A.B. asks: 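I'd like to ask you about the structure that follows.
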Amino acid sequence: MISVSHISKSFGEKHVLRDVSVDIPEGETVAIIGRSGSGKSVLMKHLIGLMQPDAGTVTVDGIDINAITYAELRRVRRNFGVLFQGGALFDSMNSFENVAFPLRTFTDMSDADISKVVKDCLAMVELEDVGSKMPSELSGGMQKRVALARAVALQPRYIIYDEPTSGLDPETSNTIDELIRNLADRLNVTSIVVTHDMHSVLNIADRAAFIYEGRVHWTGTIEELHHSDDQILKAFVTANEYKIGPS
Amino acid sequence: MVPLTSHIVINPVAAFGRYSRLLFHAFGAVAEISSYRSNVWRQMVKVGVESLPIVILAATFSGAVSTVQTSYQLVSPLIPRSIVGAIITSSMILELGAVVTGFILAGRVGARIAAELGTMRVTEQIDALETMGLNSVGYLIVPRVIAGVVMFPILYIAACFFGIGGGMLIGELGGFVPFEEFVFGAREYFQPFDPIFGIIKSLVFGFLITSISCFKGYYTQGGAEGVGRATTQAAVASCVFLLLADLLLAVVLL
Amino acid sequence: MKISNEIKVGLTIIVATVIFILGIRYFEDLPLFDSTYDLVAEFENAGGLIGGNIVRVNGVSVGSVTSVYISESTGKVVVEFHVDPTIPVTEGTYATIGGFDALGVVRMDLTLGPASAERIPEGGLVDTRVTSDLMAEMTTRAPAMLTNVDSVLEELEGVMAQANAMVSTPESDIRQILSSARGSMRQIETLLADESNRIARILAHADSLTADLDAALGEDGEAVASLMDQMETTLATLNEDLERFQATNEQLDEILRKLNDGEGTLGLLLNDPSMYHRMDATLSDLNALITDFQRNPGRYLKEMNLVDLF
Ligand SMILES: Nc1ncnc2c1ncn2[C@@H]1O[C@H](COP(=O)(O)OP(=O)(O)OP(=O)(O)O)[C@@H](O)[C@H]1O
Ligand SMILES: [Mg+2]
């Protein structure tokens, strides 16, 4: 259970988040939606203590992550897998090493076991053959999928996806959506999906939080989203539907 | 007036504060050796072994050039030629060996470290390390600083060896100072503390260059342009603080 | 084969460390691999000796000073040094400090004891002797030396004064010689300056003349020779004629006197036609010479010029 309550964050004069509160219940998949530049990635970084709020608290499993020591924070973070918007693969390592990195660093697994897990993870994102390729030799979408494989390699309890499907073709997007749903269902993973792709929101999310001008403008279940008559939310959703076409 | 004060006083003080905090953080992470052990070896190769050729080249030439120029200037029949050996050897051991190596490393290693860490910062790789529960300072900065502190003295020794060797060689081959006279002069004025001083100096230089460059790279902001800025600043700041440290050490230790 | 990072780094560090240690030993003048022969000496005064200064035996560098310090117990200067282990530092060996402190070139000299004596053991004490260094020597001898220098300077001063007087007195020989020499030189100088053109011209002239003469002698050597012969005979003849003419004149004088005196007769003169004939021949000879001269004046003028010049 992650609980964000009343956090504000500004960079100099720029107020990015104002009094934002979001609850992410155990085992659920929550979509954080909003227009580009609305502060979704900033909010996401607060969840794992990469940014400290100017005001408000973030608690993970009841622990205020800004009130604990760095060593404790790192322990909390090991429960998370994060897919960054740009992939954030280590460009000094090839794809295999990238996925193997958390396994090598945090487990005592043998090389053979690590190799097996890495292959499974890469197969999951349909990239069995790229193990020996460096990140710079991969396309943007492929980098993102390898990064996804890395994020799930340690089977974390929480997975944060920052725009997992942006920049991917519709078919691969669907595969990723399916993967996210599978992980959530099978392993009871709590997922936070930051996205502006309404198609995948409707596919995978249980709940959604709509960020608008630095505030949580709307929050509710997907069912409620369908029936909401909030104008701004509707505009955002229909703009999306118009883009991807009626389904 | 206010922007000027903030530019000249507050910004440097704030930067120094952040630098100290980063170092403090890094020292705290030194104990987690298991997380960065293989990184240390890799950085030692990059900082030390791969810098050897350029350091050797620069040192050999500066030793040779100093020999030629010193012999050119010492034309008085009252001064024995062996003094050239003494001058080259002691200036190489006391100053040139460490400073020439320092400048090369500031450019070669400092800029590379800042660019590497800067790119990792702007492409969220550092965030990725952090979210995995790794101490990114320990993982990225500690091995680089250790590599600098360990390998810089090694490069210094190589610089002295090849610098003095280059001086001897050109003295003998160019007919400026015969080998025996060179060595005689070098021995006459040799102080056993000099190479110790040089080693101390190179330890400090190695620490300064790597830690300043890590600091600049680690706190990079603003995309590719920011990386470029961090790289330049790292090289320049390393050189400036290297010279300051040079002066300070000379005043304190000699 | 891929060399692992550990091996690369390890090798580099080991090689550098070895170079560092051997390098220091090399410049400290220690044998690179052997152990050293360490000895100690005690002095009242180190005279500027410091660690790293060389140790010599008979002028040969055999080791160096390790450290110099003041003993806390005795207050003496303790000099630790090491030498090549092959040097027989036997009992009876003593050390002195030499060199030139002011220039920072101080060294320690060992004078070895007899070869038959026992060697001083490792770390043993070597006797010392005091030799005053160059500076001290100079200081002690300075007053005497200065008097000497003083008298020499005085003498030198006298000589200089004499010379000066000699040069400055107007009547002195030196001065006259000098001034006349100076005058001569100046004259020659102006002469050379003034005449340089003329001399050049004369030389050029002489040159062409000599060349002409050469040519003439070459081509018409015989002609000239015969001409000269002719001229000679002509002149000789002329001379004879003139002599005769003189005699004639005397005779004429005599006749005229006699005539005046009334001695002889005019008929007598007229009855002697040979005189007339002889005069006639002389005149025609002279005439021929003059005609030749007129027709070919160059020949004669050349001779004249040549004569003129030399
Ligand atoms: N480190 C930072 N320093 C200053 N400003 C920042 C920083 N990070 C984010 N911002 C600002 O905060 C705002 C929100 O950025 P954020 O990355 O959260 O947007 P986003 O909602 O994720 O957009 P997108 O969908 O395009 O990724 C932006 O205007 C950005 O300029
Ligand atoms: Mg974003």
Side-chain angles (χ1 to χ4, degrees), chain B residues 37-52 55-56 78-80 82-83 85-86 88-90 92-93 97 143 146-147 150-165 168 180 182-196 198-199 202, chain C residues 2-32 36 38 48-56 59-69 80-84 98-109:
Chain B
R37 186 188 292 116
S38 68
N39 244 0
V40 171
W41 293 114
R42 191 161 58 238
Q43 292 305 326
M44 281 182 171
V45 169
K46 285 190 176 179
V47 171
V49 180
E50 289 175 7
S51 297
L52 268 176
V55 166
I56 288 174
L78 280 178
I79 304 173
S82 64
I83 211 80
I88 303 308
T89 307
S90 53
M92 212 66 212
I93 290 175
I146 289 180
V150 173
M151 295 313 281
F152 202 116
I154 303 297
L155 293 171
Y156 159 76
I157 293 168
C160 288
F161 182 75
F162 284 94
I164 296 170
M168 283 179 180
E180 289 77 13
F182 192 106
V183 173
F184 178 82
R187 285 179 173 169
E188 186 91 20
Y189 287 88
F190 182 77
Q191 301 287 319
F193 178 68
D194 289 358
I196 307 294
I199 291 279
S202 56
Chain C
K2 197 176 177 313
I3 305 167
S4 77
N5 289 342
E6 285 89 331
I7 291 179
K8 281 188 205 166
V9 172
L11 268 181
T12 315
I13 292 178
I14 289 168
V15 170
T17 312
V18 169
I19 289 177
F20 185 70
I21 292 169
L22 292 188
I24 290 184
R25 287 179 75 90
Y26 182 72
F27 285 121
E28 276 199 278
D29 213 357
L30 296 170
L32 291 190
T36 55
D38 295 320
L49 195 74
I50 50 170
N53 286 149
I54 57 176
V55 177
R56 307 199 309 180
V60 179
S61 167
V62 295
S64 68
V65 175
T66 315
S67 64
V68 179
Y69 59 92
E80 292 182 344
F81 64 100
H82 52 82
V83 296
D84 194 321
F100 196 33
D101 191 15
L103 285 181
V105 192
V106 184
R107 59 169 188 271
M108 195 163 91
D109 287 296

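Keep in mind that the numbers below use all heavy atoms, side chains included, and drop hydrogens, waters and symmetry copies. Just so it is clear, the structure is predicted and the values come from calculations on it, not from any experiment. Convention: sequence-line order gives letters A, B, ...; per-chain numbering from 1.
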A.B. asks: Identify the two heavy atoms, one from C:Asn53 and one from B:Glu188, that lie closest to each other, and give their separation to 0.1 Å.
C.D. replies: ND2-O, 4.2 Å

A.B. asks: For B:Thr89, is it the side chain, the backbone, both, or neither that has a heavy atom closer than 4.5 Å to a heavy atom of chain C?
C.D. replies: side chain

A.B. asks: I need the residue from B:Ile157, B:Val40, B:Val150 with the largest number of non-hydrogen atom pairs under 4.5 Å to chain C.
C.D. replies: B:Ile157

A.B. asks: Which pairs, with at least one residue in residues 60-69 of chain C and sequence neighbours excluded, count as a side-chain hydrogen bond (donor to acceptor under 3.5 Å, both in side chains)?
C.D. replies: C:Asp29-C:Ser61, C:Ser64-C:His82, C:Ser67-C:Glu80, C:Tyr69-C:Glu80

A.B. asks: Identify the two heavy atoms, one from B:Ile154 and one from C:Ala16, that lie closest to each other, and give their separation to 0.1 Å.
C.D. replies: CG2-CB, 3.5 Å

A.B. asks: Could you give the side-chain donor-acceptor pairs of residues 42-51 of chain B under 3.5 Å, partners two or more places apart or in another chain?
C.D. replies:
from: B:Arg42; atom 1: NH2; to: B:Asn39; atom 2: OD1; distance (Å): 2.5
from: B:Ser51; atom 1: OG; to: B:Val47; atom 2: O; distance (Å): 2.7
from: B:Ser51; atom 1: OG; to: B:Arg108; atom 2: NH1; distance (Å): 2.9

A.B. asks: When rounded to the nearest 0.5 angstrom, what distance separates OH in B:Tyr156 from CZ in C:Phe20?
C.D. replies: 6.5 Å

A.B. asks: Looking at B:Phe190 and C:Glu28, what are the two nearest heavy atoms and their distance?
C.D. replies: CE2-CG, 3.5 Å

A.B. asks: Rounded to the nearest 0.5 Å, what separation is found between the OG1 atom of C:Thr12 and the CE atom of B:Met151?
C.D. replies: 5.0 Å

A.B. asks: Using a cut-off of under 4.5 Å on heavy-atom pairs, state which of C:Ile19, C:Leu11, C:Val15, C:Ile54 scores highest against chain B.
C.D. replies: C:Ile19

A.B. asks: Between atom CD1 of C:Ile24 and atom CZ of B:Phe193, what is the distance when rounded to the nearest 0.5 Å?
C.D. replies: 11.5 Å

A.B. asks: At a 4.5 Å cut-off on heavy atoms, which part of B:Leu155 comes close to chain C: side chain, backbone, both, or neither?
C.D. replies: neither

A.B. asks: I need the C:Phe27 CZ to B:Ile93 CD1 distance, nearest 0.5 Å.
C.D. replies: 6.0 Å

